[in-house]
Novice: 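Here it is, the structure in full.
Here the structure is a predicted model, which means the values were calculated and not measured. Index from 1, following the sequence.
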Amino acid sequence: LTAARLSPTSLGFEAYQLLVIQNPEIREKMKSYGWGIQAGLEASHFVVFLTRKKVDLEFDSPYVRYIQEEVKQLPAEVDAIYKEKYAQFTTEDYKTFESDRAAFDWSSKQVYIVMANMMTMAAYEGLDSCALEGFNQDKMTAFLGDELGLFDTKHFGIAVMAAFGYRDEEPHRNKTRRTMDEIVTVV
């Protein structure tokens, strides 16, 4: 969790929240909304990565103002530069504000950085981890957000989930990956 808190994100907006699901009854109910998360729900730690929606990503939103003014404590002139560049980024460069989905997808990319850092740190500490996307976003959001009230669905959506823990047994085969020459081009 410390690796998550210290992870970089675009513009330092930290547009995510983590739900660590330890409650066995909640985990059991989650199974019906996710075909690809079944085994992960048996892990000692199960994390749901929430990402902020467009309403919180607007530069003048209360959330971004909090980050800029309270967390970063930026001087007004630096904040003005951020605002100008962010407007260019969201409307011209990456066009993240073309739709609610585009904003959510950009925000989700930021939470994947957080998750990757957590997974790397877990491996360093001798823990296994697995990123999990095999779930129905709408149904899982309705269950965790609307039914259980674990997050405000107006401001957050579920980007991805991950399981962390010690393995019960050794893998049945070695890890397979493409060769370095297949994935890297040096120019």
Side-chain angles (χ1 to χ4, degrees), residues 1-10 13-57 94 96 99-179 182-183:
L1 296 174
T2 299
R5 193 178 79 71
L6 298 175
S7 291
T9 57
S10 184
F13 282 173
E14 301 177 51
Y16 66 90
Q17 194 77 19
L18 306 178
L19 284 177
V20 181
I21 308 292
Q22 296 299 91
N23 182 300
E25 290 84 23
I26 293 174
R27 285 185 180 203
E28 188 60 35
K29 289 180 182 177
M30 288 173 70
K31 289 180 180 179
S32 64
Y33 307 116
W35 57 270
I37 64 170
Q38 305 284 327
L41 287 165
E42 303 303 321
S44 63
H45 290 77
F46 193 86
V47 181
V48 177
F49 293 83
L50 304 175
T51 193
R52 290 194 178 268
K53 293 183 176 180
K54 186 178 177 184
V55 65
D56 286 342
L57 300 175
Y94 266 66
T96 56
S99 67
D100 288 338
R101 184 63 196 208
F104 182 82
D105 288 347
W106 174 75
S107 187
S108 291
K109 289 177 187 178
Q110 305 314 305
V111 85
Y112 273 75
I113 296 168
V114 172
M115 180 181 65
N117 282 334
M118 287 179 70
M119 294 174 76
T120 299
M121 194 63 190
Y124 180 77
E125 295 289 330
L127 293 163
D128 288 330
S129 62
C130 183
L132 303 163
E133 290 184 319
F135 61 94
N136 183 299
Q137 277 187 320
D138 292 337
K139 290 178 181 178
M140 192 68 76
T141 297
F143 173 61
L144 295 176
D146 297 326
E147 185 179 329
L148 297 182
L150 298 179
F151 64 94
D152 184 343
T153 59
K154 178 182 176 195
H155 295 274
F156 290 99
I158 301 171
V160 65
M161 300 177 187
F164 295 87
Y166 295 103
R167 66 179 67 161
D168 288 336
E169 58 187 57
E170 287 302 310
H172 300 292
R173 61 184 211 163
N174 292 330
K175 188 172 284 204
T176 58
R177 294 289 188 267
R178 294 182 294 153
T179 67
E182 289 178 296
I183 65 167

Novice: Any idea which heavy atoms bring F104 and I158 closest together, and the distance?
Specialist: CZ-O, 3.5 Å

Novice: Show the nearest heavy-atom pair for residues W35 and F135, with the distance to one decimal.
Specialist: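 Heavy atoms only, the tightest pair is NE1-N, 4.4 Å.
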
Novice: Does a salt bridge link K109 with D105, judged by any charged N lying under 4.0 Å from a carboxylate O?
Specialist: no

Novice: Mark yes or no for whether S44, through its side chain, and F164, through its backbone, hold a donor-acceptor pair below 3.5 Å.
Specialist: yes

Novice: If you round to the nearest 0.5 Å, how far is CG of L18 from CE of M115?
Specialist: 11.0 Å

Novice: Quick check: closest heavy atoms across I26 and N23, and the distance to 0.1 Å?
Specialist: N-OD1, 3.0 Å

Novice: Scan L57, T9, D56 and name whichever one has a side chain to side chain contact (heavy atoms under 4.5 Å, CB included) with S107.
Specialist: L57

Novice: Closer than 3.5 angstrom, by distance alone: can the side chain of Q38 be matched with the main-chain N or O of K31 as a donor-acceptor pair?
Specialist: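 At least one qualifying donor-acceptor pair exists.
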
Novice: Can you tell me how far apart CG (N117) and OH (Y124) are? Round to the nearest 0.5 Å.
Specialist: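 Going from CG on N117 over to OH on Y124, the span is 14.5 Å.
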
Novice: Determine the interplanar angle of the F156 and F151 rings, folded into 0 to 90°, and report it as parallel if under 30°, tilted if 30 to 60°, perpendicular if over 60°.
Specialist: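 F156 vs F151 ring planes: perpendicular.
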
Novice: Check this for me: does any side-chain nitrogen of one of E147 and K139 sit under 4.0 Å from a carboxylate oxygen of the other?
Specialist: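 A salt bridge is absent here (no side-chain N lies under 4.0 Å from a carboxylate O).
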
Novice: Can you measure from CE (M118) to CD1 (I113) and round to the nearest 0.5 angstrom?
Specialist: 14.5 Å

Novice: Could you measure the distance from the NZ atom of K54 to the NE2 atom of H155? Nearest 0.5 Å is fine.
Specialist: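 Between atom NZ of K54 and atom NE2 of H155 there are 15.0 Å.
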
Novice: side-chain hydrogen bond (donor to acceptor under 3.5 Å, both in side chains), that's the test. Do R52 and Q17 meet it? Break it down for me.
Specialist: CA-CA 8 Å; R52 290 194 178 268; Q17 194 77 19; 4.5 Å; no

